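Only one structure is covered here, and it is reproduced in the block below.
Computed from a predicted model, the values in this text were never measured in an experiment. When reading the values below, keep in mind they use all heavy atoms of this one structure, side chains included, and skip hydrogens, waters and symmetry mates.
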Amino acid sequence: MNGGEMMVVLIVLVAVVGKIVQARYRAADRIEGQPTQDSADTQRQREEIRALKERIAVLERLATDKEDSSARLDREIEKLRDRP
């Protein structure tokens, strides 16, 4: 092979390797499933999860609170019921 043929082979080889690497990165991004933008449904679900976590935190506090006031407990439970 002369110098010109070798250069053409190297250019083709670099182009092929570049395409393979590019395809692997794109496939890895799809496998991870990281959406670039949240859909309205995803946003709604995140808000619902946040609200549920808040409610669980209140319930945990009520369950572990040392002060055993049933009136206070009733008020806190009613507050949770009033939340959307």
Side-chain angles (χ1 to χ4, degrees):
M1 260 198 246
N2 64 18
E5 291 174 346
M6 184 65 111
M7 189 66 90
V8 170
V9 170
L10 285 175
I11 291 172
V12 171
L13 182 64
V14 168
V16 169
V17 169
K19 286 292 186 178
I20 290 171
V21 169
Q22 185 180 27
R24 291 192 78 175
Y25 279 119
R26 285 184 182 166
D29 286 343
R30 276 187 258 135
I31 289 172
E32 289 177 11
Q34 296 290 333
T36 55
Q37 283 186 330
D38 289 342
S39 66
D41 189 42
T42 303
Q43 198 66 12
R44 181 190 57 77
Q45 288 175 348
R46 286 181 190 218
E47 181 62 30
E48 185 177 346
I49 289 170
R50 185 194 58 75
L52 289 172
K53 285 181 179 181
E54 286 178 9
R55 291 180 70 136
I56 289 171
V58 170
L59 290 172
E60 286 175 342
R61 184 173 42 85
L62 290 173
T64 59
D65 199 7
K66 300 292 183 219
E67 187 180 322
D68 195 23
S69 169
S70 64
R72 181 169 174 254
L73 182 62
D74 289 341
R75 279 194 314 271
E76 292 289 340
I77 290 173
E78 285 304 318
K79 283 182 190 177
L80 288 175
R81 285 185 183 148
D82 292 340
R83 287 186 182 178

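Between Lys79 atom NZ and Arg55 atom CZ the span is 13.5 Å, to the nearest 0.5 Å. Taken from CG in Leu13 to CE in Met6, the straight-line distance is 10.5 Å, to the nearest 0.5 Å. Here the CZ-CD distance, from Arg24 to Gln22, works out to 13.5 Å after rounding to the nearest 0.5 Å.
We find that Arg44 and Glu47 are not joined by a salt bridge, their nearest charged nitrogen and carboxylate oxygen being 4.0 Å or further apart.
Considering only heavy atoms from C-beta on, Lys53 stays 4.5 Å or farther from Arg50 through its side chain.
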Full working for side chain to side chain contact (heavy atoms under 4.5 Å, CB included) between Arg61 and Val58: CA-CA 5 Å; Arg61 184 173 42 85; Val58 170; 3.9 Å; yes
